[in-house]
Student: 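Below you will find the structure I want to go over with you.
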Amino acid sequence: MFKKFTRDDISSRSNIKSSVQRSLRTRFVDQFPNIEEHIDEVVPKKSQLTQVKCQDRLSLYTADGELVFLQQHDDDLIPSLRLVHKLPKDTFPWVRVDRGAIKFILGGANIMCPGLTSAGAEMPVSYEKGQLVAIYAEGKEHALAIGRLEMSTDDITKLNKGIGVTVILFLGDGIWNLGPQI
Amino acid sequence: MIYCGVCTLPPEYCEFGGAHKRCKEWLEKNHADMFQKIYPVDGVAAGVSSLSVEKQEEIDRKVQKQVAREEAKAERELAKKLSSKILVKRIERNKRKHIIVVAGLEQIDVEMKKMAKTFASRFATGASVTKSPEGKDEIVIQGDVGEEVEEYLVAYLSKEGLSDIKVELVEDKKRKK
Ligand SMILES: [Zn+2]
């Protein structure tokens with residue numbers, strides 16, 4: 001989704017009001033309840049979130065220059081991959097793809113159902129369509145992408161055909177390549 | 001969290017990048033323990049299947065094909081979105097009277113009846129939803145308020161983040177009944 005994103009797509013930066021910061025914090029916790037115990041590391045109370053506005057109504061929210069989450073239109077908050085790497089695996093809902101799918105994901109493709117149902121793959125919890133998930137891979141420790149379920153995990157197993165997860169962020173995409181400091 | 005000093009990914013993913021050889025050298029030099037873990041036997045990544053070069057190339061081709069297909073699809077959708085517009089037609093009803101027909105609103109998720117009501121109260125006139133000959137819903141507004149309607153729609157679209165949908169005001173003399 002942000003494969004070709006570059007710094008040129010950034011249009012402005014501004015510090016957000018503390019009331020907005022509080023509501024974003026609350027929203028993030030609502031979306032991912034397990035993050036509650038880490039929220040003070042994620043959005044430190046004393047640090048100011050910066051809103052980096054980009055083309056197509058995309059906003060990146062950074063704390064001390066590090067991307068925490070992003071939001072397009074008024075959709076749900078998408079955690080950054082570097083944030084996911086910092087937190088325990090069960091902080092965010094996750095699925096695991098088989099080894100064969102890694103190349104596709106890192107090339108910018110979406111995830112086909114068989115990549116989520118084969119022997120090396122795992123979907124430990126049932127989720128509904130639309131759920132944001134961190135994407136792990138067979139034989140790897142760290143998440144390589146963030147995506148959204150195109151169908152429920154039950155349907156992915158049952159149909160086992162077509163796109164199961166749309167990839168939103170992946171290692172090496174335009175957002176990743178902005179670097180650790182935006 | 002350690003990231004590769006060469007390709008910036010977590011080192012376990014270096015094998016998928018284009019600089020794998022340099023990545024390995026960097027890791028061995030800077031994080032020998034991690035190097036041992038990721039490349040336990042003779043510097044070969046753990047879990048790397050013994051795929052033949054042909055098989056590997058076939059997978060690469062498949063990846064490229066799928067990515068190209070998805071990109072083409074995304075581009076088609078974007079082109080479609082960019083080409084979409086809302087037409088505000090100024091139609092001569094008789095010598096001095098005009099009505100305004102707004103067509104193309106089905107592209108945006110909008111409650112037609114509510115929109116018609118908004119127009120009616122905003123421009124102090126009558127507005128209703130009718131079906132076009134093609135069977136699409138249109139809003140017909142009594143009175144010569146084309147420019148006002150255009151202005152309102154532009155502002156509305158920008159507020160909704162749909163500024164890529166264009167609004168065009170056109171004269172339409174030959175209205176089919
Ligand atoms: Zn590397």
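What's counted below: heavy atoms across the whole structure, side chains too, no hydrogens, waters or symmetry copies. A note on names: the letters A, B, ... follow the listed sequences, proteins ahead of strands, and every chain is numbered from 1.
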Student: So, using salt bridge (charged side-chain N to carboxylate O under 4.0 Å, His left out) as the criterion, who are the partners of A/Arg148 when residues are at least two apart?
Tutor: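 With sequence neighbours excluded, A/Arg148 shows a salt bridge (charged side-chain N to carboxylate O under 4.0 Å, His left out) to A/Asp76, given in chain and number order.
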Student: Other residues, nucleotides and ligands only: do more than 12 of their heavy atoms fall within 6.0 Å of CD on B/Glu25?
Tutor: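 Enclosed: over 12 neighbouring heavy atoms sit under 6.0 Å from CD of B/Glu25.
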Student: With rounding to the nearest 0.5 Å, note down the distance linking CZ in B/Arg69 to CG in A/Asn110.
Tutor: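 Spacing of CZ (B/Arg69) from CG (A/Asn110) equals 11.0 Å.
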Student: Does atom NZ of A/Lys89 have more than 12 heavy-atom neighbours from other groups under 6.0 Å away?
Tutor: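 Enclosed: over 12 neighbouring heavy atoms sit under 6.0 Å from NZ of A/Lys89.
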Student: Looking at A/His142, is its backbone amide N or carbonyl O close enough to the side chain of B/Tyr13 to form a donor-acceptor pair, meaning the two atoms are under 3.5 Å apart?
Tutor: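 Indeed, once roles are kept as given, a pair shorter than 3.5 Å links the two residues.
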Student: Is chain B contacted by the side chain of A/Ala143, its backbone, both, or neither, given a heavy-atom distance below 4.5 Å?
Tutor: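 A/Ala143 touches chain B through backbone heavy atoms alone.
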Student: Quick check: closest heavy atoms across B/Pro10 and A/Leu171, and the distance to 0.1 Å?
Tutor: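 For B/Pro10 and A/Leu171, the tightest heavy-atom pair comes out as CD-CD1, 3.6 Å.
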Student: Can you tell me if NZ on B/Lys117 sees more than 12 non-hydrogen neighbours from other groups inside 6.0 Å?
Tutor: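 Atom NZ in B/Lys117 is not crowded, with 12 or fewer foreign heavy atoms closer than 6.0 Å.
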Student: Where do B/Val67 and A/Gly108 come nearest, in terms of heavy atoms and distance?
Tutor: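 Shortest heavy-atom contact: CG2-C, 4.2 Å.
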Student: Do A/His85 and B/Tyr3 get their side chains close enough for a donor-acceptor pair, meaning under 3.5 Å?
Tutor: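 Side chains of A/His85 and B/Tyr3: pair found under 3.5 Å.
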Student: Measuring heavy-atom distances to chain B, does A/Lys86 have an atom under 4.5 Å in its side chain, in its backbone, in both, or in neither?
Tutor: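 Answer is neither: A/Lys86 stays 4.5 Å or more from chain B.
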Student: Quick check for you: to the nearest 0.5 Å, what is the distance between A/Asp74 atom CG and B/Glu160 atom CD?
Tutor: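 If I round to the nearest 0.5 Å, the distance is 9.5 Å.
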Student: Would you give the length of the straight line joining atom CD of B/Glu70 to atom CD1 of A/Ile163, rounded to the nearest 0.5 angstrom?
Tutor: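 Taking CD in B/Glu70 and CD1 in A/Ile163, the distance rounds to 4.5 Å.
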Student: Work out which heavy atom in B/Leu9 is nearest to a heavy atom in A/Gly172; give both atom names and the distance.
Tutor: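 Scanning both residues completely, I find the closest heavy atoms to be CD2-N, 3.8 Å.
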Student: Heavy-atom distances under 4.5 Å only: say whether B/Glu12 touches chain A with side chain, backbone, both or neither.
Tutor: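 Both backbone and side chain of B/Glu12 come within 4.5 Å of chain A.
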Student: What residues form a salt bridge (charged side-chain N to carboxylate O under 4.0 Å, His left out) with B/Glu58, not counting sequence neighbours?
Tutor: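 Scan of B/Glu58 (salt bridge (charged side-chain N to carboxylate O under 4.0 Å, His left out), adjacent residues dropped) gives B/Lys62.
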Student: So which part of A/Glu138 gets closer than 4.5 Å to some heavy atom of chain B, the side chain, the backbone, both or neither?
Tutor: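 Nothing of A/Glu138, per the 4.5 Å heavy-atom cut-off to chain B.
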Student: Is any side-chain heavy atom of B/Gln66 closer than 4.5 Å to a side-chain heavy atom of A/Met112?
Tutor: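 When only atoms from C-beta onward are counted, A/Met112 and B/Gln66 do touch, with a gap below 4.5 Å.
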Student: Above 12 or not: heavy atoms from other molecules or residues under 6.0 Å from CD of A/Glu36?
Tutor: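 Counting other residues, nucleotides and ligands, CD of A/Glu36 stays at 12 neighbours or fewer.
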Student: Begin with the C-alpha distance, continue with both residues' side-chain angles, and end with the deciding distance and a verdict on side-chain contact (heavy atoms from CB on, under 4.5 Å) for A/Lys103 and B/Glu15.
Tutor: CA-CA 10 Å; A/Lys103 247 193 155 146; B/Glu15 54 167 315; over 6 Å; no
Student: Look up atom NZ in A/Lys140 and atom CD1 in B/Ile38, then write down how far apart they are to the nearest 0.5 Å.
Tutor: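 Atom-to-atom, A/Lys140:NZ and B/Ile38:CD1 are 7.0 Å apart.
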